[in-house]
Amino acid sequence: MPPKDRFYEIDLFRFIAAISVVMFHYTLVGNMNGKAPGISFPELAGVFKYGYLGVDLFFIISGFVILLTALQKNTLAFIKSRFLRLYPSFWVALSLTTLSTYLIGGTMPMISTTQFIANFTMLPSSFDQAYIDTVYWTLGLELKFYFFIGLLIIFRQTHKIIYFLTFWLLITLTSPYIKFPYLTYSLTLDNYSGYFIAGALFYLIRRDGLSTYKVGMIAICFYSILKNSYWHMLENEELYQTEYSIAVVGFILFFCFGLMFLVSINKAKVFNKPFMLKIGVLTYPLYLIHQNIGYQLFNYFSPEKPSYIFLIAIVFTMIITSYFIHKIIEQPLSRFLGIFFDKFFVRNRSKSQSL
């Protein structure tokens, strides 16, 4: 988005969310799922076991940012902006993760050519293939969200966004009790739709001001999210053999909502500093590369009982690598693909108009 429309405080929130997910994987998940069995930081795990909620904050932010983008662009501009936002970094991260699997290996399963190509689309399940890195599961939900917002742009219905969000929330709340057709049910985004709807509502508050209706819808979204988080928490307790507190989960989610509410009423200016962009751009590549590559580095270089210094070194390695991905690869690749995108569609549009 243009610098004048940049919410720098959101760049900070994204980075905090990404670091939370990184620490969740490094201090708890890697040891429990057997992919990095040698790493164990029980003192930190007691805190960062809640780090998975960073993904929840990502989804709320996505709802805010995508609506900001959608309401300012036509169909082609929206497709271009979302494509360039997601795919260049993803392709680089996917290639690096695959390469590290072949070079280091360890506990990571080998990747076939078919699996790699299927993952290149960001929708490998469509080709009956698994994600190369399990963190990619969130990208499928993002694409679904883009698709539904894109339909509003195509049919020029973005001015009715509040009605769409109301309908979407209604589907989300009633889907456990009513059997909807697949396309309608897919609006629930695997029960994560409440996050995106809340984010979109926060943006509408920022654009149009507070209203009882929007605040009420956000409260209902919070209820939907809390219910979903409860079941997710129970799954994590079983997967990682640790106890969670629904009160802590609820407080963290409430805090995330509070941060976004402050952004929506323009009361987060203390964080709205341009230098936040420098860490915000690291968030996406950091999220994409940290898990499998990080586990492999732990397995390859770690002593029998890794120290906190080694943990910090791995985290900083991932951050620095993310910077180089963004600066040296993502930016030039995005510029090249952006030029190609413009030339391709301008040429085809010109041809269609001349027929």
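Since the structure is predicted, the reported quantities are computational estimates derived from the model, not experimental observations.
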- Yes or no on ring pair (Phe, Tyr, Trp, His ring centres under 6.0 Å) for F148 and F164, after CA distance, side-chain angles and deciding distance? CA-CA 10 Å; F148 290 120; F164 172 71; 7.1 Å; no
- Could you please spell out the steps behind the side-chain contact (heavy atoms from CB on, under 4.5 Å) verdict for L96 and I325? CA-CA 10 Å; L96 288 177; I325 289 174; 3.6 Å; yes
- Message: Let's go through L28 and L44 carefully: what are the C-alpha distance in whole Å and the side-chain angles of both, what is the deciding distance for side-chain contact (heavy atoms from CB on, under 4.5 Å) to 0.1 Å, and is it a yes or a no?
- Response: CA-CA 8 Å; L28 177 66; L44 292 179; over 6 Å; no
- Task: For T166 and Y213, run side-chain hydrogen bond (donor to acceptor under 3.5 Å, both in side chains): C-alpha distance rounded to whole Å, both residues' side-chain angles, the deciding distance at 0.1 Å, then the answer.
- Result: CA-CA 10 Å; T166 302; Y213 187 75; 2.7 Å; yes
- Could you please spell out the steps behind the side-chain contact (heavy atoms from CB on, under 4.5 Å) verdict for L53 and C256? CA-CA 9 Å; L53 293 168; C256 292; over 6 Å; no
- Task: Give the intermediate values and the outcome of side-chain contact (heavy atoms from CB on, under 4.5 Å) for residues M318 and I293.
- Result: CA-CA 9 Å; M318 293 295 102; I293 295 177; 3.9 Å; yes
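Within the 4.5 Å cutoff, side-chain heavy atoms of F271 are placed close to those of F13. No side-chain heavy atom of Y52 sits under 4.5 Å from any side-chain heavy atom of V29. Proximity of H232 to V249: side-chain heavy atoms (C-beta onward) are nowhere separated by under 4.5 Å. Put simply, the side chain of I319 reaches to within 4.5 Å of the side chain of F15, judged on heavy atoms. Within the 4.5 Å cutoff, the side chain of N299 has heavy atoms near those of the P37 side chain. At least one side-chain heavy atom of W91 sits under 4.5 Å from a side-chain heavy atom of L337. You'll find the side chain of F196 reaches within 4.5 Å of the side chain of E142, heavy atoms only. In this structure, the side chains of I153 and K73 stay at 4.5 Å or more apart for every pair of heavy atoms.
The shortest non-hydrogen separation linking N119 to A130 is ND2-O, 3.0 Å. The heavy-atom pair separating P109 from T101 by the smallest distance is O-CG2, 3.5 Å. For the residue pair F257 and A198, the shortest heavy atom distance occurs at CZ-CB, 3.8 Å. Taking each heavy atom of A36 and Y295 in turn, the nearest pair found is CB-CD2, 3.8 Å. Taking all atoms of both residues into account, the shortest heavy-atom contact from K327 to P332 is O-CD, 3.6 Å. Of all heavy-atom pairs between I39 and Y26, the closest is CD1-O, 3.1 Å.
Put simply, CZ on F298 and CD1 on I314 are 5.0 Å apart, with the number rounded to the nearest 0.5 Å. Note that the CD1 atom of I252 and the OG atom of S229 stand 10.0 Å from one another [nearest 0.5 Å]. The distance from atom NZ of K80 to atom CG of N74, rounded to the nearest 0.5 Å, is 10.5 Å. Summarising the geometry, atom OG belonging to S81 is positioned 7.0 Å from atom CD1 belonging to I66; distances are rounded to the nearest 0.5 Å. Here the CZ atom belonging to F301 is positioned 6.0 Å from the CD1 atom belonging to I104, to the nearest 0.5 angstrom. Within the model, atoms CG of L262 and CZ of F202 stand 9.5 Å from one another, a figure rounded to the nearest 0.5 Å.
Formation of a donor-acceptor pair under 3.5 Å by the D133 side chain with backbone atoms of T98 is not found in this model. A side-chain donor-acceptor contact under 3.5 Å links S100 to the backbone of T97. Judged by distance alone, with hydrogens and angles left aside, the side-chain atoms of H290 form a donor-acceptor pair with the main-chain N or O of L286 at under 3.5 Å. Looking at S334, its side chain never comes within 3.5 Å of a backbone N or O of Q331 through a donor-acceptor pair. In this structure, E43 contributes its side chain and F41 its backbone to no donor-acceptor pair below 3.5 Å. Looking only at distances, no side-chain donor or acceptor of R14 sits under 3.5 Å from a matching main-chain atom of F58. Of the possible polar contacts, one joining the S112 side chain to the Q115 backbone as a donor-acceptor pair under 3.5 Å is found.
We find that K278 and D11 are not joined by a salt bridge, their nearest charged nitrogen and carboxylate oxygen being 4.0 Å or further apart.
Of the residues listed (T172, I162, L187), the one engaging F167 in a side-chain contact (heavy atoms from CB on, under 4.5 Å) is L187, and it is the only one.
Hydrophobic clustering (side-chain heavy atoms under 4.5 Å, transitive across Ile, Leu, Val, Met, Phe, Trp, Tyr) keeps Y323 apart from I312. If you chain together hydrophobic residues whose side chains sit under 4.5 Å apart, F251 and I225 never meet in one group. Following chains of ILVMFWY side-chain contacts shorter than 4.5 Å, one cannot reach F127 starting from I132, and the two form parts of different hydrophobic clusters. Hydrophobic cluster membership is shared by L173 and V215, with clusters built from Ile, Leu, Val, Met, Phe, Trp and Tyr side chains linked at under 4.5 angstrom. Linking ILVMFWY residues whenever their side-chain heavy atoms come closer than 4.5 Å, directly or via other members, leaves I309 and F48 in distinct clusters.
Taking the centre and axis of the six-membered ring of Y284, the NZ or CZ atom of R85 falls inside the cone set by 45° and 6.0 Å. Within the cation-pi definition used here (under 6.0 Å to the ring centroid, within 45° of the axis), K49 qualifies as a partner of Y244.
Defined by atom type and a distance below 3.5 Å, a donor-acceptor pair is missing between the side-chain atoms of T242 and E237. Side chains of Y50 and S20: a donor-acceptor N/O pair is absent below 3.5 angstrom, by distance only.
For Y131 and W137, the ring centers are positioned 6.0 Å apart or more. Between W168 and Y163, the ring centre distance reaches or exceeds 6.0 Å. Between Y136 and F90, a ring centre-to-centre spacing shorter than 6.0 Å is recorded.
Counting heavy-atom neighbours within 6.0 Å of K227 NZ, excluding the residue itself, gives a total above 12. Annotation: F255, atom CZ; neighbour count of heavy atoms from other residues, nucleotides and ligands within 6.0 Å does not exceed 12. Around CZ of F316, the count of heavy atoms belonging to other residues, nucleotides or ligands within 6.0 Å does not exceed 12. Around atom CG of D128, no more than 12 heavy atoms belonging to other residues, nucleotides or ligands sit under 6.0 Å away.
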